[in-house]
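All values below come from the heavy atoms of this structure, side chains included, with hydrogens, waters and symmetry mates left out. Because the structure is predicted, anything quoted here is derived from the model rather than measured. Both ligands and their constituent atoms are indexed starting at 1 by order of listing.
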Amino acid sequence: MSIAQNIAAFEQQLAGTSARLVVVTKTHPVERLREAYAAGARRFGENRVQEMAAKQPELPPDVEWHQIGQLQTNKVKYLASFVHTVESVDSLRLLQELDKQAARYERVINGLLQFHIAQEETKSGLSLPEAEQILQSAEYAALRHVRLTGVMGIATNSPDEALVRGEFRQLRAHYEFLKKTYFATADDFREISMGMSADYQWAIDEGSTLIRVGSAIFGARG
Ligand SMILES: *Cc1c(COP(=O)(O)O)cnc(C)c1O
């Protein structure tokens, strides 16, 4: 199957669900991103800042670039002029730096609060109390150039359906709680980014609005 056929198959599967596709393009050369774009893909996810910054000028300007990997504050300046959504917001400090750098370009960057939902220690993200501490702070209330639009999580890499679904359900519960407690009147707060090549089907069932898919479209990364 070609990239175009794979993307068409995903779009068909997503029709009628709440989920949209983020094509995870990390490690792939620009020609393959162009192929994905030609097939209709408009949301691209990268996890390395320099790689995304190098690819961005090579693609049309209507691509929504999503930063999906951990983001160090000293790298924010390289993506602030164009990034659409930083899916890996894990600190107030990062939000403040995003705000500061976005202000220089008079734009607003979207952010998703990344939660730690997996059993693996290696996967990063906030706990619910940590997220609430950010949302209740005066520093957060002062930000004007960054807008939280939802939550993101990475489930345990496991074939155990009950385990993985339980983690997605947990993330959705965090989303629902934050929505009602802090974002009840914010229409923009509506994203639950969950599901990758191995588990997107379960994620869609559990209410994902953004699935992040790489290898199921491009094949295994080299
Ligand atoms: C690489 C990556 C993906 C995509 O993984 P695949 O298994 O190739 O679909 C999704 N989310 C994050 C955060 C990633 O780093």
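- Geometric assessment of Arg42 against the ring of Tyr37 yields a positive cation-pi assignment under the 6.0 Å and 45° thresholds.
- No option in Arg165, Arg172, Arg169 other than Arg165 meets the salt bridge (Lys or Arg N to Asp or Glu O under 4.0 Å) test with Asp205.
- Nearest non-hydrogen protein atom to atom 9 (O) of ligand 1 is Ser197 OG, 2.5 Å.
- For the 3.5 Å distance criterion, the side chains of Glu191 and Thr209 qualify, holding a donor opposite an acceptor.
- The distance criterion of under 3.5 Å between nitrogen or oxygen atoms is not met by Asn47 with respect to ligand 1.
- Smallest separation of non-hydrogen atoms from Gln119 and Thr156: N-OG1, 2.9 Å.
- In terms of protein heavy-atom proximity, atom 5 (O) of ligand 1 is closest to Met196 CE, 3.5 Å.
- Proximity of Glu87 to ligand 1 is not established, as no heavy-atom distance is less than 4.0 Å.
- Summary of contacts: the protein heavy atom closest to atom 4 (C) of ligand 1 is Arg212 O, 3.7 Å.
- From the protein, the heavy atom lying nearest to atom 7 (O) of ligand 1 is Ser215 OG, 3.5 Å.
- Each of the following atoms of ligand 1 lies closer than 4.0 Å to a heavy atom of Gly214: 4 (C), 6 (P), 8 (O), 9 (O).
- Taking the six-membered ring for Trp and the full ring otherwise, Tyr175 and Phe189 have centroids separated by under 6.0 Å.
- In the model, His174 has no side-chain atom that pairs as donor or acceptor with a side-chain atom of Glu176 under 3.5 Å.
- When every heavy atom of Arg107 is checked against every heavy atom of Val83, the shortest pair comes out as NH2-O, 2.9 Å.
- The closest heavy-atom contact to atom 13 (C) of ligand 1, among the options Ile68, Ile211, Val213, Val22, comes from Ile68.
- Those atoms of ligand 1 with a heavy atom of Ile154 less than 4.0 angstrom away are 13 (C).
- For atom 15 (O) of ligand 1, the closest non-hydrogen atom on the protein side is Lys26 NZ, 2.7 Å.
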